[in-house]
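Below, chains carry the letters A, B, ... as their sequence lines are ordered, and counting in each starts from 1. FYI, side chains are in, hydrogens and waters are out, and symmetry mates aren't considered; it's all heavy atoms of this structure.
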Amino acid sequence: MSRSNVVLLDHWVSPYAMRVRIALWEKGVEFESRQQDLGNKSELLLRSNPIYKKAPVLLHDDKPLCESLIIVEYIDEVWPSPPLLPSSSYERATARFWADFIDKKFAEAAIKTWRSARSAEELEAARNEFFETLKQLEEFLGEKDYFGGETFGLVDLALIPFWSWFSAYEKFGGFKIESPKLSAWIQRCMERESVAKALPAQEKVLEFVCMLRKIFGFDQ
Amino acid sequence: MASEKEVKLLDFWLSPFGVRTRIALEEKEVEYEYKEEKNLILGEKSELLLKSNPVHKKIPVLIHHGKPICESLIIVQYIDEVFPSKTPILPSDPYARALSRFWADFVDKKISQYALRIWRLKKGEELDETKKELVENLRMLEAELGEKKYFGGEDFGLADIAFVPFTSWFYSLQAFALLSVEEEFPKLTAWGNRCLERKSVAKSLPEPKKVYELLSARRKELGVE
């Protein structure tokens, strides 16, 4: 299969785009990454994702796929090996539940730690929400090596990109994330080539978030 | 064949998310025990619900062989995988599956929060803005449907199941927000009627008038009217 069959409309700092990169590299799929300028969206992006106008978008044989978890499930189905989802239906439902939790609860809480000018109360609430969701994730991880059990899977892939944003959450949320369980899991994930390649350095993400906050006018 | 005790559904008659799971079970002709969370509207949740869905504490929850599955679209996909039938809910082609999931997810992200909030808003800016968002998104949905029989084409599927429960709310949208889906979205209206011809849908959808009565009563309690 030629390289240009798989094109990723990409964005280096987006955790959602990182998920797709990880999935493609886990599967050993060659793809072309095209960095998108989200301040000046390309025709191709707008045409491929007219509903949300966001990256990531996967173009497989020119057919667009949007929404990171949907893209990852597609990748898993088209390139089945190694599997990212478990084979048992109940475990698949569990994996999808926690990936969805990460989107609905964790990511929402994480954004609130940096994305607005807030009162002390709002910041406190944001902090509490963030730690509450983290706690729930830790509980689900338990003593397992990965969220899916013994092998790296959907939930791990869904969560690990946000680790590159931890410095930003900590700095603007005014807290330190200390979790030995999660730290062990993070290290395990970062040992995978796909993850190490996909995640940008925390300093770069922090720089990016600082810049965003200036643009939004949250910092003087 | 699933025995009665094998499959349990914790639900509330009004919930569009619950309706999705009921439709899926009916499509697969699964025998199940329906357990209504009777006092959900008062904020009361049963022990079983809290035990089965400790993370979100919400219905619907499917309990299969004692194991809970939560989140309606996840439940529907589980049902599709576990209970075979002549008519699968998701197609077999991976790209078609992705599209199905995309549009079901669109209903969750872009329709449900507006449709389910609009009834409790007083006349004013928030109501107008919510209505505007809802109309814009319904327009996208209708454009996607186009001339197709169902969202997936010839076959009734996940995206249809995701949206069809909201058709029970159209009457209330008209009454409370002066939004006539029939007038503004003829394709969606025709699609809704086509879906109603399916036994699974006819059996599972709450009556629009009953939805209206409940919402109307709640509006009075909340002082919206």
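- Shortest non-hydrogen contact noted between A:Ala93 and B:Ile69 is CB-CG2, 3.9 Å.
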For this session: Would you sort out whether B:His56 and A:Lys105 count as a side-chain contact (heavy atoms from CB on, under 4.5 Å), showing the intermediate values?
Result: CA-CA 10 Å; B:His56 298 302; A:Lys105 297 284 183 172; 3.7 Å; yes

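- A 6.0 Å sphere centred on NZ of B:Lys35 holds no more than 12 heavy atoms belonging to other residues, nucleotides or ligands.
- Enclosure of atom NZ in A:Lys144 by more than 12 non-hydrogen atoms of other residues, nucleotides or ligands within 6.0 angstrom is indicated.
- Contact tally against chain B (heavy-atom pairs below 4.5 Å) for A:Asp76, A:Leu65, A:Ile71: the top residue is A:Leu65.
- Counted within 6.0 Å of CD on A:Glu150, heavy atoms from surrounding residues, nucleotides or ligands total 12 or fewer; the atom is thus considered open.
- Counting heavy-atom neighbours within 6.0 Å of A:Glu193 CD, excluding the residue itself, gives a total of 12 or less.
- Contact annotation for A:Pro50: neither backbone nor side-chain heavy atoms come within less than 4.5 Å of a heavy atom of chain B.
- The local environment of NZ in A:Lys54 is sparse, with at most 12 non-hydrogen atoms from other residues, nucleotides or ligands closer than 6.0 Å.
- Among residues 147-154 of chain B, no residue has any heavy atom closer than 4.5 Å to a heavy atom of chain A.
- Chain A is approached within less than 4.5 Å, heavy atom to heavy atom, by B:Pro94, B:Tyr95, B:Arg97, B:Ala98, B:Arg101, B:Phe102, B:Trp103, B:Asp105, B:Phe106, B:Lys109, B:Lys110 from residues 91-110 of chain B, ordered by number.
- Side chains of B:Glu71 and A:Arg96 form no contact here, defined as non-hydrogen atoms less than 4.5 Å apart.
- Of all non-hydrogen atoms in B:Tyr78 and A:Ser89, the two that sit nearest each other are CD1-O, 3.6 Å.
- Heavy-atom neighbours of B:Gln113 CD from other residues, nucleotides or ligands within 6.0 Å: above the threshold of 12.
- A heavy-atom distance below 4.5 Å is not found between the side chains of B:Val55 and A:Phe140.
- For B:Glu184, the CD atom sits in a packed shell: over 12 heavy atoms of surrounding residues, nucleotides or ligands are nearer than 6.0 Å.
- The shortest non-hydrogen separation linking B:Cys70 to A:Phe97 is CB-CE1, 3.7 Å.
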